[in-house]
Student: 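Quick one: the structure is below, questions incoming.
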Amino acid sequence: MFAASDLRKGLKIQIDGQPYIITNFEFSKPGKGQALYRCKMRNMITGNQFTQTYRSNEKFEKPALEERNMEYLYNQGDEFHFMDTENYEQTFITREQLGENVNFLQDNMKLDVLFFDNKPIGVTLPIFVNLMVTVAEPWAKGDTSGNDTKPVTVETGYSLQVPPFVVEGDKIQIDTRTGAYVTRVKE
């Protein structure tokens, strides 16, 4: 059981027999009232999202999730295919179920796939991934427009802000929890 005070971004809870992941979280404490926990949640089976506010005395069940080590193979339309590394069985997860995690999947990537009632419903990514920059605007020396970052696109199609010294062909490390740039990788 989770208490409302345990709620945070990334926590998985069960509501009405369905597993949900909290994708955004806000805490507020009005003057004399109870603390309020405003959560944006995504249904891990259907991908549907909604926002709900909970009071500090509410409790939540922990979903019965099982993790299996698998390898990401490829995507075909909105289906992302994975292979169990022990018995070579293949399964797929839809884009809606993966949510923003599709931005960080690389071919042959080893990761944990989450199962609920023996059905794959999501993945647990490593905290950091290294991706190659495929599109980056050139940075002119002396450009003092006020921003100390610029937008780039990485090999998965994901766009993010990076420091101006990052160029096309660089490998950068990205925090999968926030989607933010961490550092340039030297290999």
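In what follows, residues are counted from 1 in the order of the sequence shown.
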Student: Just wondering, do V129 and Q173 contact through their side chains at under 4.5 Å, heavy atoms?
Tutor: no
Student: Do M109 and V113 belong together in a cluster built from hydrophobic side chains that touch within less than 4.5 Å?
Tutor: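 Yes, same cluster.
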Student: Of all residues at least two apart in sequence or in a different chain, which pass the side chain to side chain donor-acceptor pair (under 3.5 Å) check with R42?
Tutor: none
Student: Are the side chains of R55 and L36 in touch, meaning some heavy atoms are under 4.5 Å apart?
Tutor: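 R55 reaches L36 side chain to side chain.
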Student: For the residue pair V135 and V152, establish whether any side-chain heavy-atom pair is separated by less than 4.5 Å.
Tutor: no
Student: Once the angle between the rings of Y74 and H81 is folded into 0 to 90°, is it parallel (under 30°), tilted (30 to 60°) or perpendicular (over 60°)?
Tutor: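 Ring orientation of Y74 relative to H81: parallel.
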Student: Side chains of residues 92-107: which donor-acceptor partners sit under 3.5 Å, not counting sequence neighbours?
Tutor:
{"unit_1": "T94", "atom_1": "OG1", "unit_2": "Q97", "atom_2": "N", "d": "3.3"}
{"unit_1": "T94", "atom_1": "OG1", "unit_2": "Q97", "atom_2": "OE1", "d": "3.3"}
{"unit_1": "R95", "atom_1": "NE", "unit_2": "D78", "atom_2": "OD1", "d": "3.0"}
{"unit_1": "Q97", "atom_1": "OE1", "unit_2": "T94", "atom_2": "N", "d": "3.1"}
{"unit_1": "Q97", "atom_1": "NE2", "unit_2": "I45", "atom_2": "O", "d": "3.0"}
{"unit_1": "N103", "atom_1": "ND2", "unit_2": "E100", "atom_2": "O", "d": "3.2"}
{"unit_1": "Q106", "atom_1": "NE2", "unit_2": "N130", "atom_2": "O", "d": "3.1"}

Student: Look at the side-chain heavy atoms of Ile, Leu, Val, Met, Phe, Trp and Tyr, link any pair under 4.5 Å apart, and say whether V123 and L114 land in one connected group.
Tutor: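 Looking at the clustering, L114 is in a separate group from V123.
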Student: Could you state whether I121 and I22 fall into the same hydrophobic cluster, counting links through intermediate Ile, Leu, Val, Met, Phe, Trp or Tyr residues with side-chain heavy atoms under 4.5 angstrom apart?
Tutor: no
Student: Less than 4.5 Å apart, side chain to side chain, heavy atoms only: is that true for C39 and Q52?
Tutor: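 The answer is no, as the side chains (C-beta and beyond) never meet within the 4.5 Å cut-off.
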Student: Which heavy atom in N118 sits nearest to a heavy atom in E66, and how many Å separate them?
Tutor: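 In terms of heavy atoms, the two residues are closest at OD1-OE1, 4.2 Å.
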Student: Looking only at heavy atoms, which two atoms of K150 and P163 are closest? And how far apart?
Tutor: CE-O, 4.1 Å
Student: Answer yes or no: is there a side-chain heavy-atom contact under 4.5 Å between V154 and T134?
Tutor: no
Student: Taking atom OH of Y88 as the centre, report whether more than 12 heavy atoms of other residues, nucleotides or ligands fall under 6.0 Å from it.
Tutor: no
Student: Between Q18 and I15, is there a donor-acceptor pair closer than 3.5 Å when you use the side chain of the first and the backbone of the second?
Tutor: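 Such a contact is absent between Q18 side chain and I15 backbone.
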Student: Flag the pair E71 / D84 as yes when at least one side-chain heavy-atom distance between them is below 4.5 Å, and no otherwise.
Tutor: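 Not in contact.
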Student: How long is the span from the CD atom in E26 to the CG atom in L7, to the nearest 0.5 Å?
Tutor: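 With rounding to 0.5 Å, CD (E26) is 13.0 Å from CG (L7).
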Student: If you measure from CE on M132 to OG1 on T156, what distance do you get to the nearest 0.5 Å?
Tutor: 12.0 Å
Student: Share the residues that join V182 in a hydrophobic cluster, the rule being Ile, Leu, Val, Met, Phe, Trp or Tyr side chains under 4.5 Å apart at the heavy-atom level.
Tutor: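 For the cluster that includes V182, the remaining residues are I127, F128.
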Student: Can any side-chain N or O of K110 pair as donor or acceptor with the backbone N or O of Y72 at less than 3.5 Å?
Tutor: no
Student: Identify the two heavy atoms, one from A64 and one from Q14, that lie closest to each other, and give their separation to 0.1 Å.
Tutor: N-OE1, 3.9 Å
Student: Taking only residues at least two apart or on different chains, which pairs with a member in residues 161-171 satisfy salt bridge (Lys or Arg N to Asp or Glu O under 4.0 Å)?
Tutor: D170-R184, K171-E187
Student: Same cluster for V167 and Y158 if Ile/Leu/Val/Met/Phe/Trp/Tyr side chains link at under 4.5 Å?
Tutor: no
Student: Just say parallel, tilted or perpendicular for the rings of F60 and Y54, cut-offs at 30° and 60°.
Tutor: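 Answer is perpendicular, since the angle exceeds 60°.
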Student: Name all residues meeting the ring-ring contact (aromatic ring centres under 6.0 Å, His included) criterion together with F115; count only those two or more places apart in sequence or in a different chain, and write none if there are none.
Tutor: none
Student: For the residue pair T153 and S159, confirm or rule out a side-chain donor-acceptor distance under 3.5 Å.
Tutor: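 Side-chain D/A pair, T153 to S159: present.
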Student: Are any non-hydrogen side-chain atoms of I174 and L160 less than 4.5 angstrom apart?
Tutor: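 A side-chain contact exists here, since the closest heavy-atom pair is under 4.5 Å.
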Student: So how far is it from L73 CG to N108 CG, rounded to the nearest 0.5 Å?
Tutor: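 L73 CG to N108 CG: 7.0 Å, rounded to 0.5 Å.
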Student: Specify the closest pair of heavy atoms between T23 and K9, including all atoms of both residues, with the distance to one decimal.
Tutor: O-CE, 3.3 Å
Student: Using side chain to side chain donor-acceptor pair (under 3.5 Å) as the criterion, list what pairs up with T176, not counting sequence neighbours.
Tutor: none
Student: Donor-acceptor pair, distance only, cut-off 3.5 Å: does the side chain of T53 make one with the backbone of Y37?
Tutor: no
Student: Just wondering, are more than 12 heavy atoms of other shown residues or ligands nearer than 6.0 Å to CD in E137?
Tutor: no
Student: Would you check if the side chain of R8 reaches a backbone N or O of D6 as a donor-acceptor pair within less than 3.5 Å?
Tutor: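 Yes, because the side chain of R8 sits within donor-acceptor range (under 3.5 Å) of the backbone of D6.
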Student: Are M83 and L111 connected in the hydrophobic side-chain network, where two residues link if heavy atoms are under 4.5 Å apart?
Tutor: no
Student: Does the side chain of P63 reach to within under 4.5 Å of the side chain of K12, using non-hydrogen atoms?
Tutor: yes
Student: To the closest 0.5 Å, what do you measure between CD (Q161) and OG1 (T149)?
Tutor: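 Q161 atom CD to T149 atom OG1 measures 4.0 Å (nearest 0.5 Å).
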Student: How long is the straight-line distance from CZ of R68 back to OG1 of T124, given to the nearest 0.5 Å?
Tutor: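 Interatomic distance, T124 OG1 to R68 CZ, rounded to 0.5 Å: 13.5 Å.
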Student: Among F116, F50, F2, which one satisfies ring pair (Phe, Tyr, Trp, His ring centres under 6.0 Å) with Y20?
Tutor: F50
Student: Atom NZ of K62 and atom CG of L11: how far apart are they, to the nearest 0.5 Å?
Tutor: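 One gets 9.0 Å once the value is rounded to the nearest 0.5 Å.
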Student: Could you check whether K119 pairs with D117 (Lys NZ or Arg NE/NH1/NH2 to Asp/Glu carboxylate O, under 4.0 Å)?
Tutor: no
